[in-house]
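Note sheet for the following structure.
Order of the sequence lines fixes the chain letters, A, B, ..., with proteins taken first and strands second; residue numbering starts at 1 for each chain.
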2 protein chains.
Amino acid sequence: MTLDIEPAEPRSRSDQIAQILEDQILTGRFSPGARLDEASLAEEHKVSRTPIREAFHRLAQSGLVVQQPRRGVFVRISSPVEILEMFEVMAELEAVCGRLAAKRATEAAIEELREVNAECHAACDAGDIDRYYLKNGVFHHLIYALSGNRFLEQEASRLHRRLKPYRRMQLFLRGRLQQSMDEHESIVEAISAGAPERAAELLRDHVAVQGEKFHHVMSHLEQQG
Amino acid sequence: MTLDIEPAEPRSRSDQIAQILEDQILTGRFSPGARLDEASLAEEHKVSRTPIREAFHRLAQSGLVVQQPRRGVFVRISSPVEILEMFEVMAELEAVCGRLAAKRATEAAIEELREVNAECHAACDAGDIDRYYLKNGVFHHLIYALSGNRFLEQEASRLHRRLKPYRRMQLFLRGRLQQSMDEHESIVEAISAGAPERAAELLRDHVAVQGEKFHHVMSHLEQQG
DNA sequence: GTCAACCTTTTCGTATACAAGAAGCATGAC
DNA sequence: GTCATGCTTCTTGTATACGAAAAGGTTGAC
């Protein structure tokens, strides 16, 4: 089974640029509220304004930026409330994926899930947060795929991608890595045992806790100024 | 409470055109697989190719069309399988909306839901499918809003819109209108009683049945050729 | 001194021109 | 007769040019 987390390899220059800009926004090069200037970006990427504009359209559609007519495009300011809302939806989507996966997954697919989880475990033991973050992503994407519903898989992946930066920050909280790992174990167990409701519950909590941790980090940051 | 189902009033010409094309695709002017020609559409709408291309980008992003590099854009062929998958996700999303609505909705909001449902009832009694279809849409959007999660509301609305044409066709099945109405009654009751799990179950089934009915219609059509 | 109006500047939205790649057809060779 | 290759044509992708609208500054009047 191939995973193709990023199925659409960029074809045109504008698609490539959209990808690059998306990454830059998600990784924080452009802070929320910042204005993206067509002209300077065009110059930077050595293209005309047209591909930049096409890239902007893609970003606007996926909700990363907002376009104000005759004003420009701005990196969308996601309020903490909105992010918590997204985590709530993500939790529910993952719960559905887990429920379906427990019902539909083949033995071979579950074996693959176990292997990926083992890699998570290795990264966790090594204290390698970057690696855990990466393998954790693969783990979740695999569960999306195991739902047997391609559309659900895509939607879950989309939201996962959108929440990327907020997922990551909470891994640095003390003890979260190990806790997350333990939750993984239970999830694999539930899916492998063919327990749909249990898998759903576990996944919902696993993701919901991330939302709570995010909230935790946020209020901590606000206290510090 | 304002509903603003279609919040984004079109600003630029390209946005207007995207809206028009979207409607035309959803209502079947362009059949699945058909190629959308930039030049002829530009001529038809009395604009240059640029706004047409921008419109295409919007459509591609919302999944209505696919862009093949150097080939053109084609109306996406949604296979019956894919549509069933979308209904499955829709059912789950609505279930979540219902669960949250039952937990969070205020008495005033529930009263509004009752009123909209009464309008559905009136349309149903009058046998006015068009009107029922319209009011049914309002009913469901209201439940999305009642979830208290704006992001969830938007995502549900998006998918609802995408499934528009397939929802509609199954209303013509004998007895489906009355059945749908009965389900509405139970749903309102569950939300009003503050029974989250029951509301979730009812909504999931209510939507899932639409997927099944769609399947029913499809196989019927295939038999006839 | 303050407020308003006008002008300038900037930037977006659209049009058009040009280049590059793909598909289809025709022609020639085997 | 069939297949392959090359050319033509069509269409997309990108660049550039132009028009329009909004923001901000400056100037003038009160």
Flag for His140(B)-Glu94(B): side-chain donor and acceptor within less than 3.5 Å: yes
Side-chain donor-acceptor contact under 3.5 Å, Glu54(A) with His57(B): yes
Side-chain ion pair, Arg162(A) and Glu85(A), N-O less than 4.0 Å: no
Base-contact (B) and sugar-phosphate-only (S) positions in nucleotides 13-19 of chain C, heavy-atom cut-off under 4.0 Å, - elsewhere: BBBBB--
Sequence neighbours excluded - salt bridge (Lys or Arg N to Asp or Glu O under 4.0 Å) pairs with any residue from residues 135-144 of chain A: Glu119(A)-Lys135(A)
Parallel, tilted or perpendicular: rings of His160(B) and Tyr144(B) (30°, 60°): perpendicular
Sole residue of Leu84(B), Leu163(B), Leu64(B), Ile83(B) in side-chain contact (heavy atoms from CB on, under 4.5 Å) with Ser78(B): Ile83(B)
N/O donor-acceptor pair under 3.5 Å between Ser79(A) side chain and Glu82(A) backbone: yes
Interface limits on DNA chain D, where chain A has a heavy atom under 4.0 Å of a nucleotide atom: dT14(D) to dA23(D)
